[in-house]
Number of protein chains: 2
Amino acid sequence: MAISAIQKSVRPADAVVELDTKSRILDAAEELFMEHGFEATSLRLITTAAAVNLAAANYHFGSKEELFQAVLTRRLDPMNQDRMQLLTNYETAAGNKALTCEVIISAMFIPALKLARDQSQGGKNFLRLLGRAYADPAPFIREFLSHQYAEMIARYRAAFARALPHLPREEVSWRLHFVMGALSYTLAGTDALKVIAQFHPTEVNNDELLLKRLAPFLAAGLRSPMANATDAHQWFQET
Amino acid sequence: MAISAIQKSVRPADAVVELDTKSRILDAAEELFMEHGFEATSLRLITTAAAVNLAAANYHFGSKEELFQAVLTRRLDPMNQDRMQLLTNYETAAGNKALTCEVIISAMFIPALKLARDQSQGGKNFLRLLGRAYADPAPFIREFLSHQYAEMIARYRAAFARALPHLPREEVSWRLHFVMGALSYTLAGTDALKVIAQFHPTEVNNDELLLKRLAPFLAAGLRSPMANATDAHQWFQET
DNA sequence: GCTAGTTTCAAACAAGTGTTTGAAAAACGT
DNA sequence: ACGTTTTTCAAACACTTGTTTGAAACTAGC
């Protein structure tokens, strides 16, 4: 008991000080889920890192799955709200003219960037967590994200369809899928960069630089002319 | 012994039946790892599905991690060999002229397509497993894939650098990273498609169609002109 | 100061984990 | 046919998992 008394008296002087139990669990869970994934992260690991009792996780969040969803909701919900608001702003500013792909992509990326920049540490962690959650096979994660993204995706598909009127709607859906994939994969895989390019360590974690290079790449892909049937078998001929 | 004699005589006629224990474990593990991920798949689940004894997994593969690596190696190794061979063929055919981005992408995609087409079922499963493994945070998986991809990546980076001589090497590395990301994400996330587009179920699993649409998209991104400094802050201005 | 409601805590629960063991069975070489 | 190696099997091992429990500590409201 002497130990716990010491810890309590020391804690306010510390850096990350004195959030309530619920926030401390969310913060620790965010980092650990990002680092190890959902299945490989135990509640004991989380509650120990958060310096709270094991039972507190179930008391405040119900179950491990609900805790994971709470971690995602806390930042994903505002970010997607931002995205839709930004898209609305652009659309009203453009009047009845269609937006360009660049502008639409900006509306997707800027809220993500804001998250990566604003929070001192949590933001970057969250983006990586989100990218990895997008590739997680667990059904409850996929269903949760589907529901969470549904409205935003519908808005952006409509915007891209207006920006690319010469493309069939189905092709627009495909390309939007590629954009979302490249974005989430890029945000998730800082480690994978080391395989492909050898950058300075300071640059590797620079999400801003990353997205500034990704956005034009994707815009060019979106604008590319539709490959017709005769072009198609140029791609995958038998060798 | 009578049973095994019968089974052996039947094997050539039947489609799937009666592989040896090692292959049965690999097949079951491939499917289950793909479906649930590494951590969420237990050895008991695998050995039960393979109809072998639990201890057989450790006997033949040593540990769960080594089993996972064996599942990946079995098909990834030949696929990457194919990719490099194909690239070599194209390069010798082109003489000292640089290859186009389309041709280089073909050399990446065709071996993946061959895998998806040839094996009746295992091929598609494996591509999805591979895409998911690429996003898995487990260190042993990331290290394994880094090592497994290193040579192929180096070859393709050099090829793209020759195809895009106007781009800085660093930009080429980024774009190669985006290509790999979009490819692995696309192969991994059949489920995610349902969020973005509502296709006929038969089309959703058609990897060939998927890659035929992805390849031109990526080629356009690769060929896009480098965004210069003045264009750059067009993208992410403060709102 | 006392009560009612909320939050914390140590301990236990039942179930599942990867791995090991030692004996039985099968397969193989000669 | 026999001795040796390889493979299978049921059982157990030591440990971790998410969740629950019931008492203790704390925090208002009056």
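Chain letters run A, B, ... following the sequence lines, proteins first and then strands; every chain starts at 1. Because the structure is predicted, anything quoted here is derived from the model rather than measured.
- Distance CD1 (A/I25) to P (D/dT19): 13 Å, rounded to an integer number of Å.
- Base contact: A/A55 has a heavy atom under 4.0 Å from a base atom.
- With no hydrogens or angles considered, no side-chain donor-acceptor pair links B/S146 and B/E143 at under 3.5 Å.
- Taking atom CZ on A/F68 and atom P on D/dT17, their separation rounds to 17 Å, with Å as the unit.
- Between A/N58 atom CG and D/dG18 atom C1' the separation is 7 Å, expressed in whole Å.
- For A/N53 and C/dA10, the shortest distance from a side-chain N or O to OP1 or OP2 is below 4.0 Å.
- Residue A/T41 is in sugar-phosphate contact alone, with no base atom involved, counting any heavy-atom pair closer than 4.0 Å across all strands shown.
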Given salt bridge (charged side-chain N to carboxylate O under 4.0 Å, His left out), test B/D82 with B/K114 step by step and report yes or no. CA-CA 10 Å; B/D82 272 17; B/K114 203 172 72 178; 2.5 Å; yes

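- Side-chain N or O atoms of A/R24 include one that pairs as donor or acceptor with a backbone N or O of A/A51 at under 3.5 Å.
- In this structure, A/H60 reaches the C/dT8 phosphate: one of its side-chain N or O atoms is under 4.0 Å from OP1 or OP2.
- The NE2-C1' distance, from A/H36 to D/dT16, rounds to 15 Å in whole Å.
- Here the P atom of nucleotide C/dT21 and the OH atom of B/Y59 are 15 Å apart, to the nearest Å.
- The distance from atom CZ of A/F61 to atom P of C/dT7 is 12 Å, rounded to the nearest whole Å.
- The phosphate of D/dT8 (OP1 or OP2) has a side-chain N or O of B/T21 nearer than 4.0 angstrom.
- For the pair B/I141 and B/F38, the tightest heavy-atom approach, listed with the atom from each and the gap, is CD1-CB, 4.3 Å.
- Salt-bridge check for A/R74 with A/D27: passed, with a basic side-chain N closer than 4.0 Å to an acidic carboxylate O.
- For the pair A/L54 CG and C/dC13 P, the computed distance is 16 Å after rounding to whole Å.
- Comparing A/A56 and B/E39 along DNA chain C, the residue whose closest nucleotide (by nearest heavy atom) sits nearer the 5' end is A/A56.
- Atom P of nucleotide C/dG16 and atom CZ of B/R44 are separated by 10 Å, given to the nearest angstrom.
- Using a 4.0 Å cut-off, no side-chain N or O of B/S42 falls inside it from OP1 or OP2 of C/dG16.
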